[in-house]
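The structure appears right after this line, and notes come after that.
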Amino acid sequence: EAQVTQNPRYLITVTGKKLTVTCSQNMNHEYMSWYRQDPGLGLRQIYYSMNVEVTDKGDVPEGYKVSRKEKRNFPLILESPSPNQTSLYFCASSRSGEQPQHFGDGTRLSIL
Amino acid sequence: GENVEQHPSTLSVQEGDSAVIKCTYSDSASNYFPWYKQELGKRPQLIIDIRSNVGEKKDQRIAVTLNKTAKHFSLHITETQPEDSAVYFCAAIAYGQNFVFGPGTRLSVLP
């Protein structure tokens, strides 16, 4: 089954404790991206990757890191999480940037 | 960078009526315009998309129109049903650029 898998689905943690949200897709897609969703603000792109070893900043990259060492994986790293990063996060993939994006089920992060 | 505005933020219609959601974008280089539907607690899912070389596209009860000159595109849902109730997002992207979504429209279809 074609899918984008994110882990964990839920996480409550404390300020400053490094965390990683994993994202994996099995569709051989070249384009992957991370979004955060906050009430009234829609989906805002954090980082995107057009191919292996290529990453670019989206609209809200501050406080986040990503890497794309393999085509299927695109982890989101919060080196020193802060409460303003409490949000719902979605990973997505597509064949290219101008193609329909397939979203994962989301990760709800709470930073205390 | 690209900026996408979306109106209205909330929309209530009677079952069977039509619903229209409008989006405007700022970057004339944008060439791909998808629409996503997000039900409560679920992931966004693509419902229809349009490219800049097409003015209109239809899929059963859903249609999208694009006016490149005015930089706006619209989603039209006819014969609305209760299961159409959800949040709808428009988006725009240019080649090599980041995806930019509108803030969303909460559609309620009243029985």
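Chain letters run A, B, ... following the sequence lines, proteins first, then strands; residues in each count from 1. Since the model is a prediction, treat every value here as computed from it, not as a measurement.
For a residue to count as touching a neighbouring chain, one of its non-hydrogen atoms must lie under 4.5 Å from one of that chain's; by this rule Phe89(B) touches chain A with the side chain only. The contact between Arg51(B) and chain A is made entirely by side chain atoms (from C-beta outward), counting heavy-atom distances below 4.5 Å. Tyr32(B) touches chain A through its side chain: at least one heavy atom from C-beta onward sits under 4.5 Å away, while N, CA, C and O do not. For a residue to count as touching a neighbouring chain, one of its non-hydrogen atoms must lie under 4.5 Å from one of that chain's; by this rule Pro44(B) touches chain A with backbone and side chain alike. Contacts between Gln38(B) and chain A at a heavy-atom distance below 4.5 Å involve the side chain alone, from C-beta outward. Neither the backbone nor the side chain of Phe33(B) comes within contact range of chain A; no heavy atoms are under 4.5 Å apart.
Residue Trp35(B) holds its CH2 atom at 11.5 Å from CZ of Phe101(B), rounded to the nearest 0.5 Å. The SG atom of Cys90(B) sits 13.0 Å away from atom CG of Asp49(B), with the distance rounded to the nearest 0.5 Å. The distance from atom CD of Gln6(A) to atom CZ of Arg43(B), rounded to the nearest 0.5 Å, is 9.0 Å. Taken from CG in Leu46(B) to NZ in Lys37(B), the straight-line distance is 12.5 Å, to the nearest 0.5 Å.
Listed by chain and number, the residues in a side-chain hydrogen bond (donor to acceptor under 3.5 Å, both in side chains) with Ser24(A) are Arg72(A), Asn73(A) (sequence neighbours excluded).
Side-chain N or O atoms of Asn26(A) include one that pairs as donor or acceptor with a backbone N or O of Gln3(A) at under 3.5 Å. Of the possible polar contacts, none joining the Thr15(A) side chain to the Ser82(A) backbone as a donor-acceptor pair under 3.5 Å is found. At distances below 3.5 Å, not a single donor-acceptor pair connects side-chain atoms of Arg106(B) with backbone N or O atoms of Thr10(B).
Of all residues in residues 32-48 of chain A, those placing a non-hydrogen atom less than 4.5 angstrom from a non-hydrogen atom of chain B are Tyr35(A), Gln37(A), Gly40(A), Leu41(A), Gly42(A), Leu43(A), Gln45(A), Tyr48(A). When the heavy atoms of residues 102-112 of chain A are compared with those of chain B, the residues falling under 4.5 Å are Phe103(A), Gly104(A), Asp105(A), listed by number.
If you check the side chains of Ser94(A) and Gln101(A), you find no donor sitting under 3.5 Å from an acceptor.
Contacts classified as salt bridge (Lys or Arg N to Asp or Glu O under 4.0 Å) and involving residues 47-66 of chain A (residues at least two apart or in different chains) are given here: Lys65(A)-Glu79(A).
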